[in-house]
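On a predicted model such as this, the values are computed, not experimentally measured, just so you know. We number each residue from 1, following the sequence as shown.
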Amino acid sequence: SLFLVREPYFNEPGYERSRGTPAGQQNSREYDANICQATVRWAMLEQLRKPSPCFKQVIQAHFYYKKDEILAQCERWIKDTESLLAGRPVGRAIS
């Protein structure tokens, strides 16, 4: 349902006030990147690795037949995330 609206971040309680601000736009982009990462991790990879037995064939067929579209979407998400992180340190600093 998060992908049914253009900027789901602003649907969160209290965040709609930051719409149109630089901080709000940055937070929205980071929120979207997290949604994409979770989608790949849980809605795609987890389903491929541990499918429910009754849906295993359907899940495998879906990813087989839609592989080109899915890979293209993942590439767009990677590109978007890379542009979001450009010039920013990634990971945690060890002190």
_From CG (L48) to CD (Q60), nearest 0.5 Å_ = 7.5 Å

*Would a 4.5 Å heavy-atom cut-off, applied to side chains only, mark I70 and H62 as touching?*
yes

_Check: E16 side chain, G14 main-chain N or O, donor-acceptor pair, under 3.5 Å_ = yes

*Looking at side-chain heavy atoms only, is the closest gap between C74 and M44 below 4.5 Å?*
yes

*Give the cluster check for I78 versus V40: same hydrophobic cluster or not, with ILVMFWY residues linked at side-chain heavy-atom distances below 4.5 Å.*
no

*Are E82 and K79 close enough for a salt bridge, meaning some N to O gap below 4.0 Å?*
no

*Hey, does P8 have a side-chain heavy atom less than 4.5 Å from the side chain of I35?*
yes

*Compute whether any side-chain donor of one residue and acceptor of the other, for R19 and S28, lie under 3.5 angstrom apart.*
no

_Taking ring-ring contact (aromatic ring centres under 6.0 Å, His included) as the definition, give me every residue that meets it alongside Y9, ordered by chain and number, with sequence neighbours left out._
Y15, Y31

*Give a yes/no verdict on a cation-pi contact between K67 and Y64, requiring under 6.0 Å between NZ or CZ and the six-membered ring centre and an angle within 45° of the axis.*
yes

*Which value, rounded to the nearest 0.5 Å, describes the distance between W42 atom CH2 and Q47 atom CD?*
10.5 Å

*Under 4.5 Å between side-chain heavy atoms, hopping through other hydrophobics if needed: is there a path connecting L45 to I59?*
yes

_Within the structure provided, determine whether W77 and T39 are in side-chain contact (heavy-atom separation under 4.5 Å)._
yes

*asked:* Between R29 and D80, is there a side-chain heavy-atom distance shorter than 4.5 Å?
replied: no

*Test item: N27 and S18 side chains (from C-beta on) under 4.5 Å apart, heavy atoms*: no

*Taking atom CD of E30 as the centre, does the number of heavy atoms from other residues, nucleotides or ligands within less than 6.0 Å exceed 12?*
yes

*Would you indicate whether F55, at its atom CZ, is surrounded by more than 12 heavy atoms from other residues, nucleotides or ligands within a distance under 6.0 Å?*
no

*Say whether Q73 and R76, considering side chains only, have a donor N or O and an acceptor N or O under 3.5 Å apart.*
yes

